[in-house]
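To start, the structure itself, in structure tokens.
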Protein chains: 2
Amino acid sequence: MTRWLDENEQRTWRAFLAASQRIQEDLDRQLQRDSGMPHAYYAILVRLSEAPGRRMRMSELATVANSSQSRLSHAVARLEERGWVRREPCPADRRVSWAVLTDEGFAALAAAAPGHVGAVRRSLFDRISPGQAEQLAAICAAILRDPDS
Amino acid sequence: MTRWLDENEQRTWRAFLAASQRIQEDLDRQLQRDSGMPHAYYAILVRLSEAPGRRMRMSELATVANSSQSRLSHAVARLEERGWVRREPCPADRRVSWAVLTDEGFAALAAAAPGHVGAVRRSLFDRISPGQAEQLAAICAAILRDPDS
DNA sequence: TGGAAGAAGTTGAGAGTTCAAGTAAGATGG
DNA sequence: CCATCTTACTTGAACTCTCAACTTCTTCCA
């Protein structure tokens, strides 16, 4: 017995899909066009830039950047080719790699950030009220709560 | 002068990104695993199934399925290989193609739907209150309003 | 009428993502 | 102490998506 979506749920669901896909695509296009990187790479650079020593273990980086290990591994390989990230082996646990943000990587991130923030504002925050932003935060927290399923 | 995100906006933004990516990935994984199709293909089949005569012009289909023309073109090519969709030329305007859902395609959609709806419930509606669902609908409508930018 | 402009759709190449499998190294426990 | 389990990460292949041409056809208008 499938419990189908009622009309309201259907509308909500489709609006959510359309909205989130639109935002994703806007951001990806903006970053690709203006800074030559996909949004996933930008997210990796951001998280690295915030880490102590601008370095992080691959698996931890994958977690905070909402990435699978495989995706991260491929991405860091590309970022390494550009000289934006460097990998270093971990002496304490030789299974572990550290990903380190280089100065060039930091510079690329700094150059990309203003345009990206502008896109985030235009596609999200300029379109909703502060109250709605609060609601959205609570809704997203609920969606993310309890990582099972 | 870049207007950066304040702490609240930052938190909201990251939660939104994480939540929407998580839902997308859950759905994609579920459909791929249980029905052998990505979510984008499922969306195409759904829209076709709702159209009169289960047929739609490619460009209209692209719009309602939140797809670019190019993406749709590639996708329909794959769906055609599986026998789920058929293309027909339009006599009235010979630039136009009709995409037509076949009986096999309809059957594949019907087989996939229950599992998909279950995933939608588990990843979204089971996690938020009815009031939050209403809020979310309004927020997404605001995000989608006025297609400029 | 005849071109320019625009619309519909396709195509190929390049890039990113996923999945499954594989390597290597640290933990566990009889 | 050594076999097994688990963790960390990588790799390659298959697949999807994007972007920029490109073709074909229609519309516009001078």
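Lettering of chains follows the sequences in order, A, B, ..., and the numbering in each one begins at 1. Just so it is clear, the values below take in all heavy atoms, side chains as well, and ignore hydrogens, waters and symmetry mates.
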Is there a side-chain contact between B:His116 and B:Leu27 in this structure, where contact means two heavy atoms from C-beta onward sitting under 4.5 Å apart?
yes

Please encode protein proximity along nucleotides 10-23 of chain D as a string of B, S and -, counting only heavy-atom distances under 4.0 Å.
BBB---SSBB----

Do side-chain atoms of B:Glu9 reach the backbone of B:Asp6 as a donor and acceptor pair under 3.5 angstrom?
yes

Restricting to pairs with a member in residues 63-114 of chain B, which pass ring-ring contact (aromatic ring centres under 6.0 Å, His included), not counting sequence neighbours?
none

Got a list of protein N/O to nucleotides 2-7 of chain D N/O distances below 3.5 Å?
residue	atom	partner	partner atom	Å
D:dT7	O2	A:Arg95	NH1	3.0

Residues A:Glu104, A:Arg82: salt bridge by 4.0 Å N-O rule:
no

Would you check if the side chain of A:Arg127 reaches a backbone N or O of B:Ile143 as a donor-acceptor pair within less than 3.5 Å?
yes

So does A:Gly83 get a backbone contact from the side chain of A:Thr102, meaning a donor-acceptor N/O pair under 3.5 Å?
yes

Look at the side chain of A:Arg121 and the backbone N and O of B:Arg3, then say whether any donor-acceptor pair between them is shorter than 3.5 Å.
yes

Output side-chain donor-acceptor pairs under 3.5 Å for residues 64-71 of chain B, partner residues at least two apart or in another chain, one line each.
residue	atom	partner	partner atom	Å
B:Ser67	OG	B:Leu72	N	3.3
B:Ser68	OG	B:Arg71	N	3.0
B:Arg71	NH2	B:Asn66	O	3.2

Residue pairs passing the side-chain hydrogen bond (donor to acceptor under 3.5 Å, both in side chains) test where at least one lies in residues 31-44 of chain B, sequence neighbours excluded
B:Gln30-B:Asp34

Taking C-beta and beyond as the side chain, do A:Val85 and A:Leu45 meet within less than 4.5 Å on heavy atoms?
yes

Where each residue is assigned the nucleotide of DNA chain C containing its nearest heavy atom, which of A:Gly36 and A:Arg94 is assigned the position nearer the 5′ end?
A:Gly36

The first and last nucleotides of DNA chain C lying within contact of chain A, meaning any atom under 4.0 Å from one of its heavy atoms, run from C:dG16 to C:dG26

